[in-house]
Amino acid sequence: MNCLNVCHILGISTLLPEEISLILDTAESLKEILDRPIKKVPLLRGKTVVHLFFEPSTRTRLSFELAAKRLGADTIGISAGASSVKKGETLIDTVRNIEAMRPDVIVIRHPYSGTPYLLTQYVKSAVINAGDGINEHPSQALLDVFTVREHLGHIEGLKVAILGDILHSRVAHSDILAFTKMGAEVVVSGPGTMLPPRQSQVLGARVVLRTEEAIEDADVIIALRIQRERQDQSLIPSIREYATFFGLWPERLRLARPGVLIMHPGPINRGVEMAPEVADGPYSVILDQVTNGVAVRMALLALLFKKGE
């Protein structure tokens, strides 16, 4: 957690393994609130959290808003289409005007990498990165690690395979950092055009070109969505070819370890990144990821205020 005058959650790259463990432990203790008849505690009563989203989002935005409300904070949601940026106002001016209303936290998603870091130079509020370009998506990685630990009991020593558009995926970048920091072996695979050029390793993960090699003896398989909106050209001949060579199909799962966890950050392109019977099958923990996203984001908010104070 970046802490000078105020704490921020900007990326997995800024977190120590012991801080990741603290977040996971806190999320575990807060998750039981989600099963209460009255799903609310006054931990952040009197605090205000602004959600500033310049890209479409369902799971991340809703879970951040629910997390803040479950802890008793007041929340305000602003999308790009409803902000003064549409009228020509700069992002910095928008954020400085929001800052003048004295919020406590700004949760931001933006298509340009580095935007959350830029904001910290202009605001006194805490900033949480909800996804910046192709850089990082720290809360997604934390909920992924939390989900794996919840199901398998540990992270160290596991083999985690990440499949798909590694080059453009901020989820992949944060997942690689988080799992490797916690002691897992990470292997990535995808079309050559979707892998960083001339690198045998990416952020500490091993790169292989064949899907079968990546998922052999894997304990966890994370399939990624094709990031078409971040590509300036077509990087694959066809969706059908991608599904054939890199999609998760039942016969491929036989290469993995028994009880392998199947994960996806969503939204899923069914029949492309994975078959419907895999997405809905007994090894899938995709909906658990969604539930755990609320708990992890509750933990981030709770720890942010605790550390800041």
Side-chain angles (χ1 to χ4, degrees), residues 24 27-28 30-35 58-60 62-63 66 137 139-166 169 171-172 174-176 178-180 182-190 205-206 208 210-226 239-240 242-297:
L24 303 185
E28 185 176 7
L30 291 174
K31 186 177 177 181
E32 62 89 15
I33 296 172
L34 304 180
D35 295 320
T58 301
R59 283 156 291 275
T60 301
L62 182 57
S63 62
L66 280 174
H137 193 348
S139 62
Q140 178 69 47
L142 290 166
L143 73 88
D144 288 347
V145 174
F146 179 78
T147 302
V148 171
R149 193 182 78 164
E150 184 178 60
H151 281 270
L152 301 182
H154 64 101
I155 303 297
E156 188 172 3
L158 297 178
K159 179 181 178 181
V160 179
I162 304 178
L163 308 178
D165 190 357
I166 307 299
S169 175
V171 173
S174 287
D175 268 344
I176 292 168
F179 279 106
T180 54
M182 300 307 289
E185 175 197 4
V186 181
V187 179
V188 300
S189 183
R206 182 163 57 92
V208 299
R210 294 181 63 252
T211 303
E212 289 78 9
E213 183 180 352
I215 66 178
E216 185 177 6
D217 294 326
D219 300 284
V220 180
I221 303 174
I222 303 173
L224 301 171
R225 182 177 63 86
I226 298 176
I239 293 297
R240 177 179 293 182
Y242 180 91
T244 299
F245 289 98
F246 301 100
L248 268 186
W249 303 95
E251 56 270 21
R252 279 206 171 110
L253 294 186
R254 299 191 188 104
L255 296 168
R257 290 189 183 277
V260 62
L261 300 184
I262 304 299
M263 304 175 72
H264 194 295
I268 303 172
N269 293 304
R270 289 173 177 263
V272 179
E273 294 121 17
M274 63 176 63
E277 57 266 38
V278 173
D280 302 323
Y283 305 128
S284 174
V285 293
I286 294 171
L287 293 180
D288 290 345
Q289 289 175 267
V290 178
T291 301
N292 290 338
V294 180
V296 165
R297 285 155 182 145

Q: Where the side chain of W249 meets the backbone of T244, is there a donor-acceptor pair that is under 3.5 Å apart?
A: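 No, W249 side chain to T244 backbone: no donor-acceptor pair under 3.5 Å.
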Q: Could you state the interatomic distance from CG (N269) to CD1 (I239), rounded to the nearest 0.5 Å?
A: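 Reported value, rounded in 0.5 Å steps: 7.0 Å.
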Q: Nearest 0.5 angstrom please: L261 CG to S284 OG, how far?
A: 9.5 Å
Q: Who passes side chain to side chain contact (heavy atoms under 4.5 Å, CB included) against V290, sequence neighbours left out?
A: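 Here the qualifying residues are R59.
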Q: Could you pull out all residues at least two apart from L24 that satisfy side chain to side chain contact (heavy atoms under 4.5 Å, CB included)?
A: I20, V145, F146, R149
Q: Could you go through the side chain to side chain contact (heavy atoms under 4.5 Å, CB included) check for I215 and V260 one step at a time?
A: CA-CA 10 Å; I215 66 178; V260 62; over 6 Å; no
Q: If you take all heavy atoms of V272 and Y242, which pair is closest and at what distance?
A: CG1-CD2, 3.9 Å
Q: Please answer whether the main-chain N or O of F245 pairs with a side-chain N or O of T211 as donor and acceptor at a distance below 3.5 Å.
A: yes
Q: Taking salt bridge (charged side-chain N to carboxylate O under 4.0 Å, His left out) as the test, write out the residues that go with K31, two or more places apart.
A: E150
Q: Does E156 have more than 12 heavy atoms from other residues, nucleotides or ligands lying within 6.0 Å of its CD?
A: no
Q: P265 and A223: which non-hydrogen atoms are nearest, and at how many Å?
A: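 Between these two residues, the closest heavy atoms are CD-O, 3.2 Å.
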Q: Is any side-chain heavy atom of V285 closer than 4.5 Å to one of M263?
A: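 Yes, close enough: below the 4.5 Å cut-off.
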Q: For the pair S63 (side chain) and T60 (backbone), establish whether a donor and an acceptor sit closer than 3.5 Å, ignoring hydrogens and angles.
A: yes
Q: Just wondering, do L152 and V220 contact through their side chains at under 4.5 Å, heavy atoms?
A: yes
Q: Please step through side chain to side chain contact (heavy atoms under 4.5 Å, CB included) for the pair N292 and Q289, ending with a clear verdict.
A: CA-CA 5 Å; N292 290 338; Q289 289 175 267; 5.8 Å; no
Q: Would you please name every residue forming a salt bridge (charged side-chain N to carboxylate O under 4.0 Å, His left out) with E216, sequence neighbours left out?
A: none
Q: Give the minimum heavy-atom separation between I176 and A205, together with the two atoms involved.
A: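 Between these two residues, the closest heavy atoms are CG2-CB, 3.7 Å.
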Q: How far apart are the closest heavy atoms of A275 and P250, and which atoms are they?
A: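 Closest heavy-atom pair between A275 and P250: CB-CD, 4.2 Å.
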Q: May I ask you to decide if G247's main-chain N or O and R252's side chain share a donor-acceptor pair within less than 3.5 Å?
A: yes
Q: Applying salt bridge (charged side-chain N to carboxylate O under 4.0 Å, His left out), which residue pairs with at least one partner in residues 276-297 are found, sequence neighbours left out?
A: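 Residue pairs with at least one partner in residues 276-297: R270-D280.
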Q: How long is the span from the CD1 atom in I222 to the CD1 atom in I162, to the nearest 0.5 Å?
A: 4.5 Å
Q: How would you list, by chain and number, every residue that makes a side chain to side chain contact (heavy atoms under 4.5 Å, CB included) with H154, sequence neighbours excluded?
A: L158
Q: Which distance, rounded to the nearest 0.5 Å, do you find between the CG of L34 and the CG of L66?
A: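 Between atom CG of L34 and atom CG of L66 there are 8.5 Å.
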Q: Can you name the closest pair of heavy atoms from L248 and I221 and give their distance?
A: CD1-CG2, 3.6 Å
Q: Between atom NE2 of H137 and atom CG of D175, what is the distance when rounded to the nearest 0.5 Å?
A: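 Atom-to-atom, H137:NE2 and D175:CG are 10.0 Å apart.
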Q: Just verifying a value: how many Å separate R225 CZ and H264 NE2, rounded to the nearest 0.5 Å?
A: 8.0 Å
Q: Which pair of heavy atoms, one from A214 and one from L163, lies closest together, and at what distance?
A: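 For A214 and L163, the tightest heavy-atom pair comes out as CB-CD2, 3.9 Å.
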